[in-house]
Structures are given as structure tokens and as C-alpha cells.
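Since the structure comes first, as C-alpha cells, the remarks are kept for the end.
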Amino acid sequence: MDTYLINLERRPDRLSEVSRKMADLGLPFKIFRAVDGQDEDAKLPDLKPHLFVINQKKQPVRGEIACAASHIAVWRQFLETDEEYALILEDDIDIAPDLEMVQKQMPGLGLDFLNLSSNAPYTYTLDEETLSQLANDAVRTRPTVFERSRRRLWRRLEWRRRWRIFHLHPLPNGHVACECDPAPLLGSGYIVSRRAAEAFLQTTEHLFFPIDLVWRHAPGMLRQGFLARPIVTQTDKDSDIPGRFDQGKMALKYRLLRPFLKSRRLRRRFDVLRLYGVLRH
């Protein structure tokens, strides 16, 4: 599994810091030069700005779209290799020592995508006590509607009605990979399969969302998940994407159109139903 580190050429400070962290862990990586939103000639993906506003309740900014272009270009480069999986990292991160272990375990999990950098919003309900109780009872798969007591216990892990966990995959050192839908946002660190990279490319042909939403829209019955305890964390020291927050209220015309044009993730939800079945859904 190759590791790709996305870095803006004008941010050697970030590259230096994350290189030291990777060296401390003995992890080799390939530097991928990010698409720079400040470059007027940068090649950016096709964007549907009106749908972007309707879905995200804010205007897209150039740096955000350039970030998407960087991830898209990494997927393309990965697919030119013979590797089955790729680890993709952004450069403003801290890294836990268990990263290499998770890389080695990934092929055995049967997942197409694993978010290493976020467990939100499952973090609000995901607790060690429930995970431990399910582990002691050897419950690894979401119980059916007929297994009422186990299903009630399992649902303590889930957040709201549609945020579901379907399988628990125990890993060494107390880690657990949670197979789920929807998968958490944040693309600071994740592992992707060839099948997922192909689906992500297809989904981003006409972009109407930030790039870390692509896994929530991608078709193809992809098995997706996250680590209950993230091992790649964003440092939040500074941002190279100014203007993406605090844009004020969405214009009235978009608010009126939102109930009709907001994406309901229908392709992904149908694939999830096919993957896990109505009784577990």
C-alpha cells in the first residue's frame, strides 16, 4: 500500500513537520503536490455552483475546489499503479503510532474506504462501555429487528435514525473499525480501495459538495467505515482555504429550492440497502 502525502508547494513548513512525524514512525510516503487555489491557471473540477449552495448552504470557495482537485488527482495517480489500496494524508496532521498496523490490517477487513481522521458524529454516542459489552457477547454484526435486546444495545453506538453501524471489526491495540453509513466527514487521512477510487472519480465529475462528502454519495455498494478512535488528527494550526466559513445566511431563492433540489443520497442509500438488507437496516 502506497502512502500519498498532499502538500502545497508553498507550504514547506508543513512538509517538514509531517515528514519528521512519518520518519519517527518509520513510514515511507510519496509527496503529491497539491493543486493550489491561488494559481489562476490551476485546473479545477467541473462544479455545479447552484447545487453546491443548495446542498451546503454556502458558496464554494476556490481553495475548497482546489482541495477537491488534489484528492481527485491522487486517486487517478493511485489507479495507475497495481496497488489494491492507498493511504492518503493531508499535511496538517498529527499521527498515532498505530497507523502502520491499520494499514496492514486493512485488506482483511473487506472495506473499500476507512476514515482514519474522524468519528463524528458517531462520537456523540460511541462509548467504550457499549463496545466492550458487545465484544464480550461476541456481537459483531448489527442485530436484526427480531433481536430486540441486542439491537437496543447496538443502537447506543449509532447517532440519530439514519447514522447506522453495520459491522464491528476488532483490531489490535484496542482499536475497532466501524462499518457504517454515512461515513464521517474530514479527509485528513483515509485508506481507499481501487474500487472506491473509481467510484469517487465518477461521483466528482460534476461537483456539488466538498471533497470529504464524496464517500457519502459514491455508488457501487462500497463498504465504508471509520475508526472508533481516530489515529490521524488535524492540527488546526492554520488553513489554506480562506472564506469557507461565516458566509452569512443562504439567499432566499436557494432556501426555497433546497427542499426540492437537496441531494438525498438515493443511489448510496439504495446500495446500502442491497448490501445489508432490510432486517439489519
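FYI, side chains are in, hydrogens and waters are out, and symmetry mates aren't considered; it's all heavy atoms of this structure. If you read the sequence from its start, that first residue is 1, and numbering goes on from there.
Within a 6.0 Å radius of CZ in Arg140, more than 12 heavy atoms belonging to other residues, nucleotides or ligands are found.
Atom-to-atom distance recorded for Asp39:CG and Lys43:NZ is 13.5 Å, nearest 0.5 angstrom.
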Distance-only criterion, 3.5 Å: show the donor-acceptor pairs between side-chain atoms of residues 22-33 and protein atoms not counting sequence neighbours.
residue, atom, partner, partner atom, Å
Lys30, NZ, Asp2, OD2, 3.2
Arg33, NH1, Asn7, OD1, 2.6

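For residues 52-86, the set of pairs meeting the ring pair (Phe, Tyr, Trp, His ring centres under 6.0 Å) definition, not counting sequence neighbours, comprises His71-Tyr190, Trp75-Phe200.
Aromatic ring pairs are classed by plane angle as parallel below 30°, tilted from 30° to 60° and perpendicular above 60°; the pair His167 and His169 is tilted.
Looking at heavy atoms from C-beta onward, Gln103 lies out of side-chain contact with Met106 at the 4.5 angstrom threshold.
Scanning all heavy atoms of the two residues, the minimum distance from Ala196 to Asp112 falls at CB-O, 3.4 Å. Residues Ala183 and Phe113 share a closest heavy-atom pair of CB-CE2, 4.0 Å. Contact record, Arg62 with Glu40: NH2-O, 3.5 Å, taken as the closest heavy-atom pair.
In summary, Asp181 and Arg164 do not engage in a salt bridge, as defined by a charged side-chain N under 4.0 Å from a carboxylate O. Using a cutoff of 4.0 Å between basic side-chain nitrogens and carboxylate oxygens, Glu198 and Arg194 are not scored as salt-bridged. The pair Glu17-Lys21 counts as a salt bridge, with a side-chain nitrogen and a carboxylate oxygen less than 4.0 angstrom apart. For the pair Arg142 and Glu158, the salt-bridge criterion is met [side-chain N within less than 4.0 Å of a carboxylate O].
A donor-acceptor contact shorter than 3.5 Å is absent between the side chain of Ser16 and the backbone of Pro12.
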